[in-house]
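Convention: sequence-line order gives letters A, B, ...; per-chain numbering from 1. When reading the values below, keep in mind they use all heavy atoms of this one structure, side chains included, and skip hydrogens, waters and symmetry mates.
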Amino acid sequence: MTAIRERMLRPNTGLMQFWRSPIVLCSLATGAVAAVVLGRAVTAMHDASTLRREVHQLAAQVAAEESALAFVQSDGQAVRRAVNAGNGLIVETSVVPVPQSSRYRVRAEAAEMQFDFVFQRLGGGTPLAFGRALTLGPDAAVPVDWLHDGEAEREDLPSLVAPRQQHDAADGIAAEDAGIALLRLPAGTDRLDFVLGSGKGGAYLRVPDSGVVRIDGNLWVDSGGAPLELHLVRDLTIVVQGNAYLGRALRVRGGGSLTIATCDAGGVAFSDLDGNGRWGSGEPCNGAARFEGPVEGAGNVYLGMPREVGVVLEFDAGIVCGGVLHVAARQALVHGPVLVNKAGVRIGVDCGNLVCTGGRLPSLRRSTLPGFAAVGSPRPSPLVPVRREQPLYSAAPAR
Amino acid sequence: MTSSGPGSERAMLSVLLLLTALGCAVIAAGTESLVRKNEQRRVQAKRLADCVARPDAGAEGPIEELDGMFGRALLRVNTELGPSIVFEGRAKGGRS
């Protein structure tokens, strides 16, 4: 018993000597350093592999872009191509139509990796006038103190592609309101009146596939303190066959752009000098010998309500005014492109300036604006990478 | 324990450790170089992604920041449909 106790109390000198050995300590240190070094090397190699894939994807995208251009410009003849990126990296591309869609898919194969992109064949690009903050029609006269940003370009307005009657589509954008005109104008209007953002979709505007909605009447945004916030998932053009009364600021969210285009179909545009919303003798008819048609004319755009001047209004929209553009706000800031056939009237003594900021101009060359005739030669839309979905279970042969 | 005794065993172990340390140093140097290259490629890949997304943001001609990314140089060219990025000629110090 005593011997056992003595043995237990006596330190294990062999083990102590083992740990005191410099070789053991060096081994341990080297092992730790080697683990760190190897870990770092593995991480770096993994990074390199990820980067290689990214770089190959970018090479594939450059080649796919060339391929899409060649495909559209050859009228669908150049289906397969091989692009040499150098040092043995060949990107082979092929273009095929996507079933039940107007899109095409480009498959690019680089270093045994496949990358898919989709694009749409466009008939042309967006008219250049939409790339400017302000474009005036050849005969449009602008008050000298009206504009902040100097000279505007003069050009004929781009041609509207007449949209078909789409009652359902209009329902998702605006709702008819028989009272709004009488609420805001002394004598109301002769046409039907529609309020933007009060359709079936509410503020979430339901954009049809064509991206164009025709309103057969006047379009209203009623006045109010807070801006009207609209949600658009893609570009929308509202063709108004009447006047547009934009009584308060418009804020557009969701990635789509809004363009309001008025046209003078079935009416005469006039300069509403007294701001009563109806033509009176002495008010010049622009482009017509005498006034006829609905009392409120057609194709006019009002930025602000004539009888509620003194506010600053901001519009996240493009405006194509087929008639006369009236500024009835202390300051009207328009962030989208402004194209005016006939301009410009200030209504009320306190009314001020039109500021075309150009802050929300559409891209021109590789896109089209719904409702407007495309210009130039056919082209592909920008390529969108397609993420490949991994199958949940790998395919196994049947037993 | 081998017949050559603990002294020679220690010597062998020391040599082995030295070799391991040397190997680690070589791997570390290689890793450092790979990390630097990765960083350069990451910057270049980001630049190329920007160029592909917005080909109009820059002057026409070779994109020098992207030299060495591929065997061929990358050029920004103006076409009827706007600026575009294409492979052209040979790059300085190109690799794939």
Side-chain angles (χ1 to χ4, degrees), chain A residues 21-24 26-27 29-31 33-59 61-66 69 72-73 83-91 110-111 122 124-125 363-366 376-380 382-383, chain B residues 9-14 16-42 44-49 51-56 66 68-75 79-91 94-96:
Chain A
S21 161
I23 288 183
V24 170
C26 280
S27 302
T30 310
V33 170
V36 171
V37 166
L38 286 176
R40 196 165 149 74
V42 167
T43 309
M45 282 194 289
H46 181 261
D47 276 1
S49 162
T50 310
L51 272 167
R52 178 180 284 268
R53 188 180 162 79
E54 273 178 36
V55 167
H56 283 163
Q57 183 171 9
L58 288 166
Q61 189 159 357
V62 171
E65 190 80 32
E66 282 185 44
L69 280 169
V72 172
Q73 286 173 342
V83 175
N84 184 3
N87 283 4
L89 180 65
I90 309 284
V91 185
L122 306 175
S363 66
L364 303 178
R365 288 183 170 122
R366 299 287 292 275
S377 56
R379 61 202 66 192
L383 266 60
Chain B
E9 215 172 59
R10 278 184 193 157
M12 268 178 65
L13 203 57
S14 304
L16 207 64
L17 279 176
L18 195 67
L19 286 175
T20 310
L22 274 173
C24 280
V26 170
I27 293 172
T31 305
E32 205 50 49
S33 157
L34 186 59
V35 166
R36 270 200 303 274
K37 277 182 188 164
N38 280 351
E39 193 50 44
Q40 187 194 352
R41 297 198 100 193
R42 190 172 287 118
Q44 284 186 322
K46 191 177 178 312
R47 179 85 182 96
L48 178 55
C51 287
V52 169
R54 292 193 58 220
D56 52 340
L66 302 181
M69 204 174 174
F70 300 103
R72 301 181 76 196
L74 283 156
L75 249 78
T79 68
E80 183 205 351
L81 307 181
S84 180
I85 309 292
V86 293
F87 288 106
E88 186 77 40
R90 272 188 81 80
R95 51 166 291 192
S96 69

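- Using a 4.5 Å cut-off between heavy atoms, A:Arg40 touches chain B through backbone and side chain atoms alike.
- Of the two parts of A:Leu38, only the side chain, counted from C-beta on, holds a non-hydrogen atom closer than 4.5 Å to a non-hydrogen atom of chain B.
- Contact annotation for B:Val86: both backbone and side-chain heavy atoms come within less than 4.5 Å of a heavy atom of chain A.
- With a 4.5 Å cut-off on side-chain heavy atoms, B:Met69 and A:Val55 count as touching.
- With a 4.5 Å cut-off on side-chain heavy atoms, A:Pro380 and B:Leu81 count as touching.
- In this structure, the separation between NE2 on A:His56 and CG on A:Leu89 is 4.5 Å, given to the nearest 0.5 Å.
- The parts of A:Ser377 that come within reach of chain B are both its backbone and its side chain, each placing non-hydrogen atoms under 4.5 angstrom from that chain.
- The most heavy-atom pairs under 4.5 Å with chain B, out of A:Ala63, A:Ala59, A:Pro382, A:Ala29, come from A:Ala59.
- Under a 4.0 Å N-O distance rule, the pair B:Arg42/A:Glu54 does not qualify as a salt bridge.
- For the pair B:Pro83/A:Arg365, a side-chain contact is recorded, criterion being any heavy-atom separation below 4.5 Å from C-beta on.
- Here the SG atom belonging to A:Cys26 is positioned 12.5 Å from the CG atom belonging to B:Leu16, to the nearest 0.5 angstrom.
- A:Leu69 touches chain B through its side chain: at least one heavy atom from C-beta onward sits under 4.5 Å away, while N, CA, C and O do not.
- Each of B:Thr20, B:Thr31, B:Asn38 has some count of heavy-atom pairs under 4.5 Å with chain A, and the biggest count is that of B:Asn38.
- The candidate from B:Leu13, B:Leu48, B:Thr79, B:Val35 with the greatest count of non-hydrogen atom pairs under 4.5 Å with chain A is B:Leu48.
- Your options are A:Thr50, A:Leu51, A:Val33, A:Thr30, and the one with the most heavy-atom pairs under 4.5 Å with chain B is A:Leu51.
- Not one N or O on the side chain of B:Arg41 forms a donor-acceptor pair closer than 3.5 Å with the backbone of A:Ala48.
- For a residue to count as touching a neighbouring chain, one of its non-hydrogen atoms must lie under 4.5 Å from one of that chain's; by this rule A:Ala111 does not touch chain B.
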